[in-house]
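The next block holds one structure in the form of structure tokens; read it before the comments.
Everything numeric in this text was worked out from a predicted model, so none of it was measured. In what follows, every heavy atom counts, from backbone to side chain, and hydrogens, waters and symmetry copies are set aside.
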Amino acid sequence: MNFLKTMVAAGLVAASTTVAFAADITGAGATFPFPIYSKWADAYKKETGNGLNYQSIGSGGGIKQIQAKTVTFGATDAPLKAEQLEKDGLVQWPMVMGAIVPVVNIEGVKPGELVFDGETLANIYLGKITKWDDAAIKKLNPSAKLPSEAITVVRRSDGSGTTFNFTNYLSKASADWKSKVGEGTAVEWPVGVGAKGNEGVSGNISQTKNSIGYVEYAYAKQNKLTHTGLVNKAGKPVQPTVEAFQAAASNADWSKAPGYYVILTEQPGEKSWPITAATFILMHKSATDKAAAQEAIKFFRWAFKNGGKMAEELDYIPMPDSVVQQIEKTWAAEIKS
């Protein structure tokens, strides 16, 4: 059963639509964790009878909606800094970790056959490399059959935490990218066709020959997209695997980070995947609807306790037990119910 059929069978629809259930837990934001939040919501509904209404609208939208108090929780892959959390009266914590992968649609090229380094990827997105048989791509992939065709660059059109992590990585890998474009949930893209959500980018890549884009790994896998390898900070070519994501995540020191603000791109280590990322939940310290806030915390507690295997099945990385214990203390100390 493919990804879309699975979502339909579970009664879940992505993009700007709503995951509709009977209960009052409402959330909105990042498309990056949508596959796992959907899976958790379905299992939680079966087990407890309580549902989750989550709008997969992008991290920028999730931040705006929680700031406007129109949802019980917001979800973002671009964490807010401590000053912003304090200003908005919000609590933030990481829910699960995953990874972002470059994906291509080139005839005859199979998943994992191509490899990029950060500088070459940046130069494609800067519009400096415009054809697949460019010398820089051929140097990294001497045995690949690359067409002399123009590269169609696909990127996000909405405010996106996936974009934040991708551009954060490009800024670390390329001084040129850092000075000309920089990082953010939305940037002034030099080139490219915009698409909404990880869903939109996945669809666009599937339908467009000789294209390149970036998506959360679960979308690449479920939609059978052709991912590439990457050369990591240690100079080693690596493939997107749970082992590589875990190698990057193992460096994270959540205990010393105010608001759990940790960025996992370009982590050291020979096995580390260079665009690993956490996705975060935002809630008000003092919620308008305290009953709904309590229900949301029950769901998140259940997901931490019961959702690890489901996360791994979709190639996400569960938060370590020590971090979950820390998060539960944060809930007790900071969320008034």
Side-chain angles (χ1 to χ4, degrees), residues 2-4 6-7 12 14-16 19 27-41 54-62 75-79 94-105 111-112 121 154-170 183 185-186 194-206 211-230 238-242 244-246 248-249 263-265 273-281 307 310-319:
N2 69 24
F3 181 58
L4 186 56
T6 306
M7 294 295 96
L12 303 160
S16 59
V19 181
T31 66
F32 176 100
F34 179 78
I36 186 57
Y37 289 178
S38 300
K39 195 166 188 174
W40 283 343
Y54 181 73
Q55 296 174 349
S56 174
I57 59 171
S59 296
T76 177
D77 313 321
M95 196 67 216
V96 69
M97 294 176 283
I100 295 153
V101 296
V103 287
V104 299
N105 182 345
L121 205 53
V154 183
R155 38 79 175 177
R156 289 285 287 273
S157 60
D158 51 336
S160 156
T162 308
T163 292
F164 168 77
N165 285 286
F166 184 67
T167 56
N168 174 276
Y169 163 68
L170 294 183
E183 65 183 63
T185 54
K196 192 172 181 184
N198 273 283
E199 305 92 348
V201 173
S202 297
N204 206 312
I205 295 293
S206 295
S211 59
I212 186 169
Y214 58 95
V215 295
E216 198 282 316
Y217 184 58
Y219 287 85
K221 192 173 179 181
Q222 297 291 345
N223 290 289
K224 296 183 169 56
L225 300 177
T226 302
H227 68 262
T228 77
L230 284 172
V238 286
Q239 291 295 325
T241 64
V242 169
F245 308 158
Q246 286 171 334
I263 308 299
L264 293 168
T265 57
W273 181 255
I275 329 180
T276 303
T279 189
F280 298 80
I281 299 294
M310 286 179 262
E312 286 168 353
E313 284 167 359
L314 288 175
D315 297 286
Y316 292 91
I317 310 157
M319 298 307 299

Main-chain N/O of Ile100 paired with Trp273 side-chain donor or acceptor, under 3.5 Å: yes

Any donor-acceptor N/O pair, Thr31 side chain to Asn198 backbone, under 3.5 Å: yes

Under the side-chain contact (heavy atoms from CB on, under 4.5 Å) test, residues paired with Ala311 that sit two or more places apart: Ile36, Trp40, Val96, Tyr316, Pro318

Exercise: identify the closest heavy-atom pair between Tyr54 and Pro33: OH-CG, 4.3 Å

Closest heavy-atom pair and its distance - Tyr37, Ala75: CE1-CB, 4.2 Å

Ile57 side chain reached by Asp158 side chain, heavy atoms, under 4.5 Å: no

Between CZ on residue Phe34 and CD on residue Gln55, distance to nearest 0.5 Å: 11.0 Å

Heavy-atom closest contact (Val103 atom, Ala220 atom, distance): CG1-CB, 3.8 Å

Flag, side chain of Asn168 to backbone of Thr265, donor-acceptor distance under 3.5 Å: no

Residue pair Ser56 / Glu199, side-chain heavy-atom distance below 4.5 Å: yes

Main-chain N/O of Asp77 paired with Ser59 side-chain donor or acceptor, under 3.5 Å: yes

Contact check, side chains of Val215 and Val101, non-hydrogen atoms, under 4.5 Å: yes

Value rounded to 0.5 Å, distance of CD1 in Ile205 from CD1 in Ile212: 7.5 Å

Backbone of Ala218 reached by a side-chain donor or acceptor of Asp315 within 3.5 Å: no

Test item: Arg155 and Phe166 side chains (from C-beta on) under 4.5 Å apart, heavy atoms: no

Test item: Pro102 and Leu230 side chains (from C-beta on) under 4.5 Å apart, heavy atoms: yes

OG1 on Thr276 to OH on Tyr169, rounded to 0.5 Å: 11.0 Å

Min side-chain heavy-atom separation Ser206-Leu225 under 4.5 Å: yes

Spatial distance of atom CG (Leu314) from atom OH (Tyr219) [nearest 0.5 Å]: 10.0 Å

Any residue meeting side-chain contact (heavy atoms from CB on, under 4.5 Å) with Thr185, in chain and number order, not counting sequence neighbours: Ala78, Phe164

Distance, nearest 0.5 Å, that separates CE of Met319 from OG1 of Thr279: 10.5 Å

Taking every non-hydrogen atom, the tightest pair across Gly229 and Gln239: CA-NE2, 3.8 Å

Spacing of CG belonging to Leu121 relative to OH belonging to Tyr214, to within rounding of 0.5 Å: 10.5 Å

Tyr217 side chain reached by His227 side chain, heavy atoms, under 4.5 Å: yes

